[in-house]
Amino acid sequence: QVKGNGRNNFSFYESKMNDEVNRKVAINIRLHRALKEKTLEMYYQPLIDLNTQKIIGAEALMRWTDSELGFVPPDEFIAIAEKNNLIEQLGSFALNTAAEQAAQWQVITPLQIAVNFSSVQFRDCEKLLTEIQQVLLKTGLPANKLDVEVTESLLINQEGELFDMLKSLRNMGVELSIDDFGTGYSALSYLQKFSFTKLKIDRAFIMNLTKNKADQSLVTAIIAMAKALNLKVVAEGIEEDEQKQFLIDIDCEYGQGYLFSPPVTAKKFEALLHQQANSNSAFT
Ligand code: C2E
Ligand code: MG
Ligand code: MG
Ligand code: MG
């Protein structure tokens, strides 16, 4: 969009700002359409037991390729959906699709399905709790095979109602994960208070694990703390064998990352499950 040399800095930044606003507006409009036309998709990334290398679960991740905008990353469109009253519908789609899929996969192998929830979806705790109950009922997915992933941002400035809702989920048997651990700001005491079952160490700490001593200390400490609190630990974003080995050596039980598999379509994920059932390993 750069025109002749007559442009000054002001108009350059102004037009850049316009581009950003226009893109947000376009995403909002196209996302409404995508919901109507059912062009959103769920992909699934294997969750691995690091010691056995077996798939023990999947994280459901939303994918959207628009005919005009092309591929739009979820970080970008989720944020826009949160501001435009679309997140409840996106969240319902993710939960229903993933639970239905996971219920079918139980026949191949028992596995847990992790679904991401936006903090905005918890504005009406009662409604969300009812929806989760109904989806479990409808799909027949056992409650302990559903893992609700939330981020620390949910816990800021929230008290009674949220506490009760998360407690109800736990009482039903649903598992609760804290996602992107280490990137938020809340006090660690929430880990106890809210009865989480799992902690997912953010990719940012895994990325330089083999080179950065500070990250090694942090990750080692997080794992020790998690164990002391009876929390399962998942390392996100494992890309290299050396990272995996380091994590095994410090007793990290679970992992996720491109080293094993990127998020894939339901069909491809199912093929991995069959491969594992037939040959004992999904990755050889
Ligand atoms: P997240 O929940 O922390 O998901 C993990 C992200 O890390 C995913 O990005 C995944 O594709 C990526 N990832 C996994 N392994 C590796 C690796 O080895 N290397 C690298 N570089 N990346 C890896 P994705 O799919 O782009 O999703 C980004 C974020 O968007 C998610 O972060 C989550 O916060 C949000 N999101 C995705 N789907 C949904 C959804 O259905 N509902 C909600 N509320 N949020 C979603
Ligand atoms: Mg997640
Ligand atoms: Mg994460
Ligand atoms: Mg994230």
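Along the sequence shown, residues are numbered consecutively beginning with 1.
- Within the 3.5 Å criterion, the main-chain N or O of Phe181 finds no donor-acceptor partner in the side chain of Glu152.
- Ile29 is connected to Val21 through a chain of hydrophobic side-chain contacts under 4.5 Å among Ile, Leu, Val, Met, Phe, Trp and Tyr, so both are in one cluster.
- Listed for the Ser261 side chain is no donor-acceptor partner under 3.5 Å among the backbone atoms of Gly257.
- Checked options Lys145, Lys232, Lys198; the residue passing with Glu175 is Lys232 (criterion: side chain to side chain donor-acceptor pair (under 3.5 Å)).
- Side chain of Gln53 to main chain of Leu50: no donor-acceptor pair is present (N/O by atom type, distance under 3.5 Å, no hydrogens or angles).
- Between Asp241 atom CG and Thr210 atom OG1 the span is 11.0 Å, to the nearest 0.5 Å.
- One distance of note links OG1 of Thr220 with CD1 of Ile250; it measures 4.0 Å at 0.5 Å rounding.
- Residues Ile78 and Ile87 form a side-chain contact, since some pair of their non-hydrogen atoms from C-beta on lies under 4.5 Å apart.
- For Gln256 and Gln45, the side-chain atoms include at least one donor-acceptor pair closer than 3.5 Å.
- Looking only at distances, a side-chain donor or acceptor of Asp124 sits under 3.5 Å from a matching main-chain atom of Lys127.
- Side-chain contact of Ser118 with Glu82: a donor-acceptor pair under 3.5 Å is present, judged by distance alone.
- Under a hydrophobic-cluster definition in which Ile, Leu, Val, Met, Phe, Trp and Tyr are linked whenever side-chain heavy atoms come within less than 4.5 Å, directly or via other members, Ile238 and Ile223 are assigned to the same cluster.
- For Leu90 against Met62, the heavy-atom pair with the smallest separation is O-CE, 3.3 Å.
- Using a 4.5 Å heavy-atom cutoff, the side chains of Glu59 and Asn116 are in contact.
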Side-chain donor-acceptor contacts of residues 31-44 below 3.5 Å, not counting sequence neighbours, with atom names and distances?
from	atom 1	to	atom 2	distance (Å)
His32	ND1	Asn28	O	2.9
His32	ND1	Asn28	OD1	3.4

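- Side-chain contact of Glu88 with Gln121: a donor-acceptor pair under 3.5 Å is absent, judged by distance alone.
- With no hydrogens or angles considered, no side-chain donor-acceptor pair links Gln112 and Asn144 at under 3.5 Å.
- Listed by chain and residue number, Lys200 satisfy the side-chain hydrogen bond (donor to acceptor under 3.5 Å, both in side chains) test with Glu149 (two or more places apart in sequence, or in another chain).
- A donor-acceptor pair shorter than 3.5 Å cannot be found between the side chains of Gln276 and Thr109.
- Other residues, nucleotides and ligands contribute more than 12 heavy atoms inside 6.0 Å of the CD atom of Glu239.
- In this structure, Asp180 contributes its side chain and Thr183 its backbone to no donor-acceptor pair below 3.5 Å.
- Between Glu236 atom CD and Leu47 atom CG the span is 9.5 Å, to the nearest 0.5 Å.
- At a threshold of 4.0 Å, the pair Lys24-Glu76 does not count as salt-bridged, since none of the basic side-chain nitrogens sits closer than that to a carboxylate oxygen.
- Counting heavy atoms from C-beta outward, Asp49 and Ile55 have side chains that stay 4.5 Å or more apart.
- In terms of hydrophobic clustering, with Ile, Leu, Val, Met, Phe, Trp and Tyr side chains grouped at heavy-atom distances under 4.5 Å, Leu86 and Phe93 are assigned to a common cluster.
- The two residues Ile206 and Gly237 have their closest heavy-atom pair at CG2-O, 4.0 Å.
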Show the numbers, then the answer: is there a salt bridge (charged side-chain N to carboxylate O under 4.0 Å, His left out) between Arg30 and Asp66? CA-CA 7 Å; Arg30 303 292 301 180; Asp66 180 73; 2.9 Å; yes
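- Inter-residue side-chain proximity for Leu146 and Leu95 is flagged as met; some heavy-atom pair is nearer than 4.5 Å.
- Formation of a donor-acceptor pair under 3.5 Å by the Gln106 side chain with backbone atoms of Ala102 is found in this model.
- For Lys193, the NZ atom sits in a packed shell: over 12 heavy atoms of surrounding residues, nucleotides or ligands are nearer than 6.0 Å.
- For Lys227, the NZ atom sits in a packed shell: over 12 heavy atoms of surrounding residues, nucleotides or ligands are nearer than 6.0 Å.
- Phe205 and Gly182 make their closest contact through CZ-O, 3.5 Å (heavy atoms, listed as atom of the first residue, atom of the second, distance).
- For Trp64 and Phe77, the ring centers sit closer than 6.0 Å to each other.
- Put simply, CG on Asp179 and CG on Leu176 are 12.0 Å apart, with the number rounded to the nearest 0.5 Å.
- Residue Lys267 qualifies as open at atom NZ: its count of foreign heavy atoms under 6.0 Å is 12 or below.
- No hydrogens or angles considered: nothing links the side chains of Ser281 and Ser279 as a donor-acceptor pair under 3.5 Å.
- Asp147 and Ser177 are linked by a side-chain donor-acceptor pair at a separation below 3.5 angstrom, with hydrogens and angles left out of the test.
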What do the steps show when you test Ile48 against Lys54 for side-chain contact (heavy atoms from CB on, under 4.5 Å), and what is the final call? CA-CA 5 Å; Ile48 306 294; Lys54 292 215 164 172; over 6 Å; no
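- No single ILVMFWY cluster, assembled from side-chain heavy atoms under 4.5 Å apart, contains both Val107 and Leu141.
- A donor-acceptor pair under 3.5 Å is absent between the side-chain atoms of Glu253 and the main chain of Val233, judged by distance alone.
- Atom CZ of Arg123 has 12 or fewer heavy atoms from other residues, nucleotides or ligands within 6.0 Å.
- Thr151 approaches Ser119 most closely through the heavy-atom pair OG1-OG, 4.2 Å.
- Formation of a donor-acceptor pair under 3.5 Å by the Asn84 side chain with backbone atoms of Ile80 is found in this model.
- Connection of Val234 to Leu231 is not established within any shared hydrophobic cluster, with ILVMFWY side chains joined at heavy-atom distances below 4.5 Å, either directly or through further cluster members.
- Taking the six-membered ring where tryptophan is involved, the planes of Tyr190 and Phe196 are perpendicular, since the angle between them exceeds 60° and thus also 30°.
- Of the inter-residue distances, the one linking Leu273 atom CG with Leu111 atom CG reads 6.0 Å to the nearest 0.5 angstrom.
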Sequence neighbours excluded and cut-off under 3.5 Å, please list the side-chain donor-acceptor pairs for residues 165-172, or say none.
from	atom 1	to	atom 2	distance (Å)
Ser168	OG	Asp164	O	2.9
Arg170	NE	Ser195	O	3.4
Arg170	NH1	Val174	O	2.9
Asn171	ND2	Lys167	O	3.4

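- A distance of 12.5 Å separates SG in Cys125 from CZ in Phe163, rounded to the nearest 0.5 Å.
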